[in-house]
Amino acid sequence: MIKENQRLLNRLHVLSDGAILYLSLPVAFWIRFYLLPNGIITVPLPRYLALGTILTAVQLFAYAAFGLYQSHRGIRLRKELERLWLAGALVMGALLSFLFVQHYIDFSRLTLVIWFLLSGGLLSCKRVVLRRGLRYFRQKGYNQKHVLLIGGGEMARIYWETVRGDRELGYTVAGYVSARPWKELGALKWFGGYEKLGRLLDQHRPDEAVCAIGAEDYGRMPEIIAACEKTGTKLSIIPFYAKYMPSNPQFDELDGIPLLNFRRIPLDNWANAFCKRAMDITGSLALIILTSPVMLACAIGVKLSSPGPILFRQERIGRDKKPFYMYKFRSMRVNGKQNTAWSTDHDDRKTKFGAFMRKCSLDELPQFFNVLKGDMSLVGPRPEIPYYVEKFKEDVPLYMVKHQVRPGITGWAQVNGLRGDTSIKARVEHDVYYIEHWSLLFDIEILLTTVFRGKFVNREALN
């Protein structure tokens with residue numbers, strides 16, 4: 001039943017998206033030429049409607065290409081909206097480029113921009129309402145995906161507790177098959193051994209079978225796969241080593257042999273790396289120019305506040321575990337603890353002017369030159385000094401993963417409040433999440449959050 005419901009929902013989803021996209025264009029036309037001032041109609045509405053037909057088809061194709069019409073039970077709303085706006089922005093950019101190249105100057109660009117914002121906003125609202133509606137019905141026990149669990153042990157327990165603890169996901173587990181009953185699965189019904197799997201799949205006809213066998217039962221995989229193939233049941237597999245895997249593992253191929261790559265990240269793609277580096281160069285140049293008067297004032301203030309150099313240079317560990325020197329305006333008196341001691345809000349080593357700079361994050365401005373040099377990025381995990389890298393890499397799981405990308409002036413951990421004397425483990429978890437889910441939109445989101453929340457950088461920096 002769930003498959004029929006999903007197909008019907010997808011059809012309605014596509015049709016309603018198409019209606020919103022198409023009808024938003026005449027509304028945008030009316031707003032531009034009848035509500036806003038100085039509206040001179042150079043292209044009649046029927047030509048806009050003809051363009052709207054093409055735009056709607058192209059936009060729906062782009063949404064499908066971005067996976068917006070697949071089942072989104074396991075996809076968070078934020079991710080879905082990010083895909084929606086990115087697909088729309090790409091189509092809009094392609095449209096404006098086409099009109100420019102073909103010299104179609106009569107079409108109002110403002111009308112098209114209004115259409116883009118209006119349709120994107122309506123489609124976003126529709127998805128929010130749809131999610132809330134599905135959440136309500138799933139909490140009531142409707143729109144459930146029925147699952148047969150195969151295997152027992154730790155990963156089966158984690159899966160069972162996850163779907164049982166969040167009814168909004170819409171999964172109902174009928175029971176499980178394993179060599180023996182597992183007390184870790186509590187009240188979940190045990191159907192018997194693996195030899196009963198084929199008959200149970202025919203009898204219960206689940207929407208999906210989830211295999212979470214332990215290492216000791218790995219030899220059962222051929223018969224499990226054969227039983228699912230024979231009954232036409234969709235099979236999903238949770239490897240017994242899943243807790244060591246990244247959230248989005250990638251596969252390579254060696255002459256037909258699939259190779260699971262545990263640490264391939266989006267920035268391994270040269271196009272992604274080029275886009276991020278281009279944003280770093282243009283962004284750091286612009287910020288250096290804009291903040292140059294402030295940096296000059298800070299330099300004078302540092303020189304007058306205490307004896308010593310204007311800039312503080314400290315060794316940090318960057319991408320590929322290579323050391324580099326990070327620059328800051330000196331906010332403390334010259335001391336001998338700069339390579340091992342954390343700074344605090346009431347540190348006696350700070351000068352009055354240094355305390356002011358640190359409060360406003362002005363001491364971090366020279367790091368834009370680190371970004372321009374290529375040692376750092378505008379967004380990324382915060383770099384540590386070698387002393388703490390050696391200390392944390394032995395105690396904190398996945399700590400060294402952060403060194404696969406350039407460190408940043410701000411980052412996902414920092415905008416989530418993990419600054420200063422906070423959990424290193426939680427900080428690393430946020431850093432790894434950022435690395436595995438990187439996108440330009442994610443970087444922009446972090447930069448905007450940093451600026452508008454007033455958290456330019458974390459206060460963990462040592463001085």
Side-chain angles (χ1 to χ4, degrees), residues 58 61-63 65-67 78-79 81-98 100-101 116 246-253 259 261-291 316-327 364 366-383 400-415 430-451 457:
V58 173
F61 178 82
Y63 290 160
F66 275 72
R78 185 188 69 83
K79 194 70 175 177
L81 295 182
E82 179 182 300
R83 293 178 183 178
L84 173 80
W85 283 95
L86 181 57
L90 290 175
V91 172
M92 188 63 184
L95 171 64
L96 295 177
S97 300
F98 175 78
F100 175 78
V101 171
F116 166 69
S247 57
N248 54 343
Q250 303 290 322
F251 282 89
D252 292 327
E253 182 180 330
L259 301 174
N261 191 313
F262 263 39
R263 286 298 164 211
R264 174 180 288 175
I265 58 177
L267 287 172
D268 285 339
N269 181 289
W270 70 266
N272 290 339
F274 174 83
C275 291
K276 183 172 177 64
R277 184 63 187 140
M279 186 174 78
D280 283 340
I281 292 173
T282 55
S284 60
L285 274 174
L287 289 167
I288 287 171
I289 294 171
L290 290 172
T291 61
R316 299 289 178 110
I317 302 299
R319 187 175 65 168
D320 299 327
K321 296 172 284 187
K322 294 179 180 178
F324 72 97
Y325 284 101
M326 189 179 77
Y327 302 109
E364 308 287 348
Q367 289 172 33
F368 292 138
F369 291 97
N370 283 117
V371 176
L372 193 59
K373 285 176 58 182
D375 294 329
M376 294 180 65
S377 174
L378 293 175
V379 180
R382 285 294 291 176
M400 297 305 290
V401 173
K402 64 186 285 185
H403 296 102
Q404 294 189 10
V405 299
R406 287 186 178 92
I409 297 178
T410 186
W412 184 235
Q414 284 67 51
V415 299
H430 281 73
D431 288 339
V432 172
Y433 178 88
Y434 165 78
I435 291 169
E436 292 179 350
H437 296 82
W438 177 88
S439 70
L440 279 180
L441 283 180
F442 198 8
D443 272 3
I444 293 171
E445 175 190 343
I446 293 171
L447 289 171
L448 292 176
T449 305
T450 299
V451 172
V457 292

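Small disclaimer: the values here were computed from a predicted structure and weren't measured.
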Which distance, rounded to the nearest 0.5 Å, do you find between the CZ of Arg319 and the CD of Gln404? 11.0 Å

Asn269 (side chain) donor-acceptor with Ala271 (main chain) under 3.5 angstrom: yes

Would Gln414 and Thr450 count as a side-chain contact (heavy atoms from CB on, under 4.5 Å) here? Give the steps. CA-CA 8 Å; Gln414 284 67 51; Thr450 299; over 6 Å; no

Would you give the length of the straight line joining atom CG of Leu378 to atom CG of Asp443, rounded to the nearest 0.5 angstrom? 8.0 Å

Validation row: Leu96, Met92 side chains within 4.5 angstrom (heavy atoms): yes

How far apart are the closest heavy atoms of Phe116 and Ala89, and which atoms are they? CE1-N, 3.6 Å

How many angstroms lie between atom CG of Leu287 and atom OG1 of Thr282, to the nearest 0.5 angstrom? 9.0 Å

When rounded to the nearest 0.5 angstrom, what is the spacing between CG in Leu447 and OG1 in Thr410? 7.0 Å

Expected output: side-chain Arg382 to main-chain Gly411 donor-acceptor under 3.5 Å: no

Whether Lys402 side chain and Pro407 backbone form a donor-acceptor pair below 3.5 Å: no

Answer yes or no: is there a side-chain heavy-atom contact under 4.5 Å between Phe66 and Leu90? yes

Is there a donor-acceptor pair closer than 3.5 Å between any side-chain N or O of Asn272 and the backbone N or O of Pro266? yes

First locate atom CD of Gln367, then atom CZ of Arg316, and finally report the distance between them rounded to the nearest 0.5 Å. 7.5 Å

Applying side chain to side chain donor-acceptor pair (under 3.5 Å), can you list everything that pairs with Lys79, at least two apart in sequence or on another chain? none

Just how far is it from atom OG of Ser377 to atom CD1 of Ile281, taken to the nearest 0.5 Å? 10.5 Å

Full working for side-chain contact (heavy atoms from CB on, under 4.5 Å) between Arg78 and Glu445: CA-CA 11 Å; Arg78 185 188 69 83; Glu445 175 190 343; 3.2 Å; yes

What residues, two or more places apart in sequence or in another chain, satisfy ring-ring contact (aromatic ring centres under 6.0 Å, His included) together with Phe442? Trp412, Tyr434

Output all residues satisfying salt bridge (charged side-chain N to carboxylate O under 4.0 Å, His left out) with Asp431, sequence neighbours left out; order by chain, then residue number. none

Taking every non-hydrogen atom, the tightest pair across Phe324 and Ile317: CE2-C, 3.9 Å

Start with the C-alpha gap between Lys276 and Val379, add the side-chain angles, then the distance that decides, and say whether side-chain contact (heavy atoms from CB on, under 4.5 Å) holds. CA-CA 9 Å; Lys276 183 172 177 64; Val379 180; 4.2 Å; yes

Heavy-atom closest pair, residues Met326 and Asn370: CA-OD1, 3.6 Å

Determine whether Pro381 and Val401 make a side-chain contact, defined as any pair of heavy atoms from C-beta on separated by less than 4.5 Å. no

Compare all side-chain heavy atoms of Tyr327 with those of Phe368 and state whether any distance is below 4.5 angstrom. no

